[in-house]
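Counting starts at 1 for both ligands and their atoms, following the listed order.
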Amino acid sequence: MSRRDEILRIEDLYVHFYTYAGVVKAIDGVNMSVLRGETYGLVGETGCGKSVTMRAVLRLIPPPGRIVKGRVIFNGVNLLELPEEEMRKIRGAKIAYIVQDPTAALDPLYTSGFQVAETILAHEENVGKKSVWERVVSLFKSVLIPDAERRVKQYPHEFSGGMRQRVVIACAISEKPELLIADEPTTSVDVTVQAQILEVLEDLKKTQEMTMILVTHNLGLVAQICDRVGVMYAGSIVEVSDVFRLFEEPLHPYTRGLLNAIPHVTRTQFRLEPIPGTIPDLINPPPGCRFHPRCKHATGICKREKPKLREIEPGRFVACHLYRGD
Ligand SMILES: Nc1ncnc2c1ncn2[C@@H]1O[C@H](COP(=O)(O)OP(=O)(O)O)[C@@H](O)[C@H]1O
Ligand SMILES: [Mg+2]
């Protein structure tokens with residue numbers, strides 16, 4: 001994979017959860033490369049390891065989970081080797097993470113503007129009260145909250161769900177992070193709010209020169225906003241491509257299944273064709289390719305050997321024995 005202009009590279013990452021039922025091998029050799037300035041879509045079914053991978057980047061894996069192996073290179077530095085104190089300077093400031101169901105992060109007892117101000121003050125000493133407040137107002141504007149001067153003084157309950165989500169995004173971008181990770185920012189909201197959040201993210205992408213990783217299972221969102229896409233299945237990246245070629249000709253049987261499962265709004269009668277089966281038990285995962293029990297193309301080698309993520313044409317990577325080419 002090209003290392004030119006890479007802001008983030010995840011190499012051979014393994015994360016396990018040590019539960020009473022056994023060791024959950026949740027992340028199983030993730031390799032991922034994000035280029036500066038791009039919007040990278042990380043997609044895959046629920047439970048495939050998207051959030052755990054992103055949390056590993058920030059070293060926020062909750063117990064009983066542990067990063068057992070791998071490297072997370074951010075701007076040339078392996079974050080997994082940094083002292084915790086250095087890591088704290090990166091979290092929130094250089095890499096911001098909008099968690100799934102972010103509005104729970106807002107405190108109902110404080111005004112929304114105060115909560116954004118608090119985020120700024122947590123990272124910066126010696127900033128004047130007035131200048132913080134001005135920044136809060138301008139942050140509200142940059143996430144397209146109308147009437148920002150008045151809105152900063154309102155409490156979260158005075159905001160609609162979509163507006164609260166924007167406040168959370170305002171907190172996340174307050175330190176001008178180089179990398180913004182948005183984990184399912186539109187999952188818990190209705191279609192209208194989804195469209196609004198999309199507008200905010202697109203606007204940020206244009207105006208702030210921010211690299212963004214958008215974690216989602218919404219392929220429509222990916223098509224609209226992402227430059228490249230990584231498809232995850234049961235703890236590994238199985239395909240990487242620019243968004244156009246991915247939708248035009250998905251390579252991995254899992255990606256093909258995912259794309260088949262999108263309802264077509266233009267058709268009056270659509271048929272959803274989900275991939276048969278469910279994601280495997282990660283305590284006793286299938287040997288070889290973890291997708292093989294659900295794959296109609298599986299052969300002997302798929303049951304024995306885990307396929308590596310390989311570049312099979314420029315910019316297109318796939319981890320599948322169908323594309324071995326030998
Ligand atoms: N606290 C936990 N304890 C045990 N297993 C966990 C825990 N959190 C996550 N996992 C495992 O990690 C897998 C990936 O989870 P996650 O990254 O949250 O999926 P996604 O974000 O793609 O929906 C889950 O399927 C589960 O098996
Ligand atoms: Mg998740």
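- Residue Arg228 comes nearest to Ser33 through the heavy atom pair NH2-O, 2.7 Å, listed as atom of the first residue, atom of the second, then distance.
- Not close to ligand 1: Gly65, with no non-hydrogen atom less than 4.0 angstrom away.
- Where the criterion is an N or O separation shorter than 3.5 Å, residue side chain and backbone included, Gly49 meets it with respect to ligand 1.
- Side-chain contact annotation: Lys153 with Ser112, donor-acceptor N/O pair under 3.5 Å absent.
- Within the structure, ligand 1 lacks Gly44 among the residues with a heavy atom less than 4.0 angstrom away.
- To the nearest 0.5 Å, atoms CD (Gln115) and CD1 (Ile120) are separated by 12.5 Å.
- In this structure, CG on Asp12 lies 11.5 Å from CD1 on Ile10, to the nearest 0.5 angstrom.
- Interatomic distance, Thr278 OG1 to Arg294 CZ, rounded to the nearest 0.5 Å: 6.0 Å.
- Listed by atom number, the atoms of ligand 1 under 4.0 Å from Thr46 heavy atoms are 23 (O).
- Contacts of Leu282 with ligand 1, taken as heavy-atom pairs under 4.0 Å, involve the side chain alone.
- Seen from the ring of Phe159, Arg151 counts as a face-on cation partner, given the 6.0 Å and 45° thresholds.
- Counting heavy atoms closer than 4.0 Å to ligand 1, residue Thr19 contributes side-chain atoms (C-beta onward) but none from N, CA, C or O.
- Between Val52 and ligand 1, a contact under 3.5 Å exists for at least one N or O pair.
- Listed by number with element, the atoms of ligand 1 under 4.0 angstrom from any heavy atom of Ala26 are 11 (C), 12 (O), 13 (C).
- For Thr46, every N, O or S atom stays at 2.8 Å or more from the Mg ion (ligand 2).
- Crowding of Tyr18 atom OH: a count of heavy atoms from other residues, nucleotides or ligands under 6.0 Å exceeding 12.
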